[in-house]
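For clarity, every value in this text was computed on a predicted model and none was experimentally measured.
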Amino acid sequence: MNKRPMMKYGDRIYARLSLNGQKILEFMIEKVSDFTELLGELRAHTRRYRGLCRLYVRNLSRGWSMERPLMLYPETYPTPGGALRERLSAAAPAEPAPARTIMPWDTH
């Protein structure tokens, strides 16, 4: 049975997140009451990152620590068509519309 260590509101929690061996986030917090809230705090600070990370959590108040993998996903996912449009618009600059004579029926 895989049980998460106990955590209560007011416990001093230290968290460190590493991506590709480099520390991307490190903080202490006392305002979380469970692991889900801690993950929410982590997510709020890592929205621009993507990839498999290593999460180290230590509860200084209760004397336990744990390390586990954590997958980060970007805040938004581009749609396949949207990404293609962005690449095409970046590759070819927009051309101005050709000049033409305005006809009377165009003005009414």
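Atom CZ in Phe35 sits 4.5 Å away from atom CZ in Arg68 (nearest 0.5 Å). Taken to the nearest 0.5 Å, the OH atom of Tyr56 stands 8.0 Å off from the CD atom of Glu67. For the atom pair OG1 of Thr46 and CD of Glu41, the computed distance is 11.0 Å after rounding to the nearest 0.5 Å.
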Pairs of donor and acceptor atoms involving the side chains of residues 17-24, under 3.5 Å and at least two apart or interchain, shall be tabulated with distances.
unit_1, atom_1, unit_2, atom_2, d
Lys23, NZ, Glu26, OE1, 3.0

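Applying the ring-ring contact (aromatic ring centres under 6.0 Å, His included) criterion to Phe27, with sequence neighbours excluded, gives His45.
When all heavy atoms of Ser61 and Gly10 are compared, the pair lying nearest together is OG-O, 4.4 Å.
Residue pairs meeting the salt bridge (charged side-chain N to carboxylate O under 4.0 Å, His left out) criterion with at least one partner in residues 29-38, sequence neighbours excluded, are Arg12-Glu30. Within the structure, salt bridge (charged side-chain N to carboxylate O under 4.0 Å, His left out) pairs that include any residue of residues 55-66 comprise Asp11-Arg62 (at least two apart or interchain).
Between the side chain of Trp64 and the main chain of Met7, no donor-acceptor pair closer than 3.5 Å is present. Arg43 places a side-chain N or O within 3.5 Å of a backbone atom of Tyr73 that can act as its donor or acceptor partner.
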Applying side chain to side chain contact (heavy atoms under 4.5 Å, CB included) to Val32 and Ile13, what does each step give before you reach the verdict? CA-CA 8 Å; Val32 293; Ile13 307 295; 4.2 Å; yes
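Hydrophobic clustering keeps Leu55 apart from Tyr14 (ILVMFWY residues linked when any side-chain heavy atoms are closer than 4.5 Å, directly or through intermediates). The cluster map of Ile, Leu, Val, Met, Phe, Trp and Tyr, joined by side-chain heavy atoms under 4.5 Å apart, puts Leu42 and Leu60 in different clusters.
Checked against Leu70 for a side chain to side chain contact (heavy atoms under 4.5 Å, CB included), the options Leu52, Val57, Leu39 give a single hit: Leu39.
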